[in-house]
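Only heavy atoms go into these numbers, but all of them, side chains included; no hydrogens, no water, no symmetry mates. Residues take their numbers from the sequence shown, with the count starting at 1.
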Amino acid sequence: MKNCYWAIFALSLLFSACTKQAVEPENSTNPVSSVTSSFDLIQDRIFTPSCATAGCHLATTDASFAQHGLVLAKSSSYAQLVGVAAKNPNAVLNKILRVTKYQSTQSLLYHKLNWDVAHHSSIDYGVPMPLGGKPLSVGQLKFIQNWIEAGAPEKGEVADSKLLDDTTPSFAVSSDFSPLTEPSAEGKEGIQLKVEKFSVAPNFERELFVRKPLNNSAPVYVSRIKLKSRPNSHHMVLYDFENKQALPNLNEVRDLRNGDNSINVFTFLQMQNHLFLGGGTDPNSDYTFPEGTALLLPANSSIDLNPHYFNKTNEVIFGENYVNLYTVKADQVKKVVQMINFNNTNLTIPANQKTVISKDFTFDKAVAIVSLTSHTHQWGKLFQIKIKGGARNGEVIYESTDWAHPKVINFSKVIELKAGEGLTSVVTYENNTNRIIRFGLTSEDEMDIIFGYYYAL
């Protein structure tokens, strides 16, 4: 009987312990959550594999950093996004941040990841991202939108992670691109040029040139230039030619790179004959010259069209580009826009060192500057343009760090200069070779050129 009592007592203690464990889980006073925060999911499943890659948004040393100023590496992405002002000109103009808490339509991140440009009306925020990659899925885009609408917190689960399982492409690259409407279909005067659909090999960047005729039997005055490009276009530039006696064949596609990614020297040499006409690193731009001004193109003109596409996928993608040149009658033009072509040919860049070379250029009449861009070869690391003379003497009005695809600035308020005033090019070269580099046309030489538009006052 005594042993039975001890058995019953032991069973009661065991039952009591099990009951207590059931109602009081271990570590109940300091539970450990296994849920990954919504922002960490965005980082791990979108930013890290698609955006924070070498050359793009991985570090401040990326070639494109000077343009976007955004690093999306895991250690810094949140601080660089939420509540931070953007560098994109239209974002600055419309006063939207990279990420605005609770407002996805006021967040540049959402616009850049949404490949359907119609979602933000007539405002163009430039090339959709990720450049050279595939568009986000419907679920990924919705997840980011929901995270922003929930206040864009760094910690906490605020968006349904099941959305990330939806892999439906948010943009059908092969079918969602439509041609640019011709000026005549809009009831306007103008000319449309086109770079026909072409392929871009997997894990390759393709840049090409093709000279297109305007078929204009009489001079035309261009007051507006509108571009439209397929996704993954890095830039679209229009060029005239300085020497009209050395023109490439019409409609011939001339690649800048060979299949092994080496430079096509013949195409590169032809580039040295270029005069900038329009376009730039925004391949879907729409630029209108100041009221009463226009660019004059003589009869029987032709333009060299220069698209550039990135393909960072394992599949073939396609490029295709449209250009609308809107024209006006001569009696509507008060000022004819002229080309700026300031060329410094006196270059001596010593071996194995950094060298800064400046050159002043002046106008012999009062002018208004409309647009500026620059040109160097591979050793040009920083190109600045400053005002020379007058009340704004020394002011930097242009800066570019990408020699291959220099920035193009169209001034919303023209820069007026008096006779005798002008521009100064200040170029920083880094010569890492064992030889002196001088001015020349080949890739082994260097250049220092200011291109742009102006009109006489």
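A donor-acceptor distance shorter than 3.5 angstrom exists from the side chain of E446 to the backbone of H377, with no hydrogens or angles considered. Side-chain atoms of D160 come within 3.5 Å of backbone atoms of K162 as a donor-acceptor pair (strictly under, hydrogens ignored). A donor-acceptor distance shorter than 3.5 angstrom exists from the side chain of T293 to the backbone of P290, with no hydrogens or angles considered. No donor-acceptor distance shorter than 3.5 angstrom exists from the side chain of K212 to the backbone of S302, with no hydrogens or angles considered. Here the side chain of N264 pairs a donor or acceptor atom with the backbone of T267 at under 3.5 angstrom. Listed for the N311 side chain is a donor-acceptor partner under 3.5 Å among the backbone atoms of A201. Put simply, the side chain of T100 gets close to the backbone of Q106: a donor and an acceptor are under 3.5 Å apart. A distance-only check finds no donor-acceptor pair linking the side chain of T362 to the backbone of G422 [under 3.5 Å]. Side-chain atoms of S425 never come within 3.5 Å of backbone atoms of S358 as a donor-acceptor pair (strictly under, hydrogens ignored). Checking side-chain atoms of H308 against main-chain N and O of R206 turns up no donor-acceptor pair under 3.5 Å.
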Passes side-chain hydrogen bond (donor to acceptor under 3.5 Å, both in side chains), Q192 versus N324? Steps please.
CA-CA 5 Å; Q192 185 174 93; N324 278 1; 3.0 Å; yes
With side-chain hydrogen bond (donor to acceptor under 3.5 Å, both in side chains) as the criterion, how do E186 and T181 come out once you've worked through the C-alpha distance, each side chain's angles and the decisive distance to 0.1 Å?
CA-CA 7 Å; E186 300 175 322; T181 304; 5.1 Å; no
What do the steps show when you test L417 against F363 for side chain to side chain contact (heavy atoms under 4.5 Å, CB included), and what is the final call?
CA-CA 8 Å; L417 300 176; F363 294 93; 4.0 Å; yes
Criterion side chain to side chain contact (heavy atoms under 4.5 Å, CB included) on L136 and I46, from CA distance to verdict
CA-CA 8 Å; L136 265 60; I46 299 174; 4.2 Å; yes
Derivation of the side chain to side chain contact (heavy atoms under 4.5 Å, CB included) call for C51 and L72:
CA-CA 7 Å; C51 310; L72 291 177; 3.7 Å; yes
Report the C-alpha separation of T355 and I357 in whole Å, then their side-chain angles, then the decisive distance to 0.1 Å, and conclude whether the side chain to side chain contact (heavy atoms under 4.5 Å, CB included) test is met.
CA-CA 6 Å; T355 303; I357 297 178; 3.9 Å; yes
Verdict with supporting geometry, K386 and E395, salt bridge (Lys or Arg N to Asp or Glu O under 4.0 Å):
CA-CA 5 Å; K386 299 181 179 181; E395 179 182 339; over 6 Å; no
When you look at D360 and T424, which way does the side-chain hydrogen bond (donor to acceptor under 3.5 Å, both in side chains) test go after all the steps?
CA-CA 4 Å; D360 295 332; T424 300; 2.6 Å; yes
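Of all the heavy atoms in L227 and M236, the pair that sits closest is CD1-O, 3.7 Å. The nearest pair of heavy atoms linking N203 to N314 is ND2-OD1, 2.9 Å. Nearest heavy-atom pair, V408 versus S371, reported as atom, atom and distance to 0.1 Å: CG1-OG, 4.0 Å. The two residues A152 and Y78 come nearest to each other via the heavy atoms O-OH, 2.7 Å. Between I397 and I409, the shortest heavy-atom contact is O-CD1, 3.7 Å. Nearest heavy-atom pair across V82 and W147 is CG2-CH2, 4.0 Å.
Between atom CD1 of residue I191 and atom OG1 of residue T327 there is a gap of 6.0 Å, rounded to the nearest 0.5 Å. We find the CD-CG distance between Q378 and N431 to be 9.5 Å, quoted to the nearest 0.5 Å. Atom OG of S107 is separated from atom CD1 of I144 by 10.5 Å, given to the nearest 0.5 angstrom. Taking CG of D240 as the reference point, atom CD1 of I303 lies at 7.5 Å (rounded to 0.5 Å). For the atom pair NE2 (H111) and CE (M129), the distance works out to 14.5 Å, reported to the nearest 0.5 Å. Of the inter-residue distances, the one linking E154 atom CD with S77 atom OG reads 8.0 Å to the nearest 0.5 angstrom.
No more than 12 heavy atoms of other residues, nucleotides or ligands lie within 6.0 Å of CD in E291, so this atom counts as exposed by the packing criterion. Within 6.0 Å of the CG atom in D165, the count of heavy atoms belonging to other residues, nucleotides or ligands exceeds 12.
Side-chain atoms of N343 and T345 form no donor-acceptor pair, as typed in the model, at a separation below 3.5 Å.
The ring of F241 has its center no closer than 6.0 angstrom to the ring center of Y239. Ring-centre distance between H274 and F209: below the 6.0 Å cut-off. Taking the six-membered ring for Trp, F361 and F342 have ring centres closer than 6.0 Å. Proximity of the aromatic rings of F318 and F177 is defined here by a centroid distance below 6.0 angstrom, and this criterion is not met. For F204 and Y309, the ring centers sit 6.0 Å or farther from each other.
A salt bridge between K381 and E430 is absent, with no side-chain N of the basic residue lying under 4.0 Å from a carboxylate O of the acidic one. In summary, K359 and D448 do not engage in a salt bridge, as defined by a charged side-chain N under 4.0 Å from a carboxylate O. A salt bridge does not link R392 with E421: every distance from a Lys NZ or Arg NE/NH1/NH2 to an Asp or Glu carboxylate oxygen is 4.0 Å or more. A salt bridge links D44 with K74; the closest basic N to acidic carboxylate O contact falls under 4.0 Å. Between K142 and D166 no salt bridge is recorded (no basic side-chain N to carboxylate O distance below 4.0 Å). A salt bridge does not link E399 with K407: every distance from a Lys NZ or Arg NE/NH1/NH2 to an Asp or Glu carboxylate oxygen is 4.0 Å or more.
Cation-pi contact between K228 and Y322: absent, since separation from the ring centre below 6.0 Å together with deviation from the ring axis within 45° is not met.
In this structure, the side chains of C56 and K312 come closer than 4.5 Å at one or more pairs of heavy atoms. When side chains are defined from C-beta on, N306 counts as touching E207, because their heavy atoms get closer than 4.5 Å. V158 places a side-chain heavy atom less than 4.5 Å from the side chain of P153. Residues I148 and Y110 form a side-chain contact, since some pair of their non-hydrogen atoms from C-beta on lies under 4.5 Å apart. Residues S38 and E157 form a side-chain contact, since some pair of their non-hydrogen atoms from C-beta on lies under 4.5 Å apart. Between N321 and L193 the shortest side-chain heavy-atom distance does not fall below 4.5 Å. Side-chain contact between W379 and I349: absent, with no pair of heavy atoms (C-beta onward) separated by less than 4.5 Å. Under the 4.5 Å side-chain criterion, counting only non-hydrogen atoms from C-beta, N232 is in contact with W115.
Partner of P307 under the side-chain contact (heavy atoms from CB on, under 4.5 Å) criterion, chosen from V200, V237, L208: L208.
Ring geometry, H234 versus F310: the interplanar angle exceeds 60°, so the pair is classed perpendicular (tilted spans 30 to 60°).
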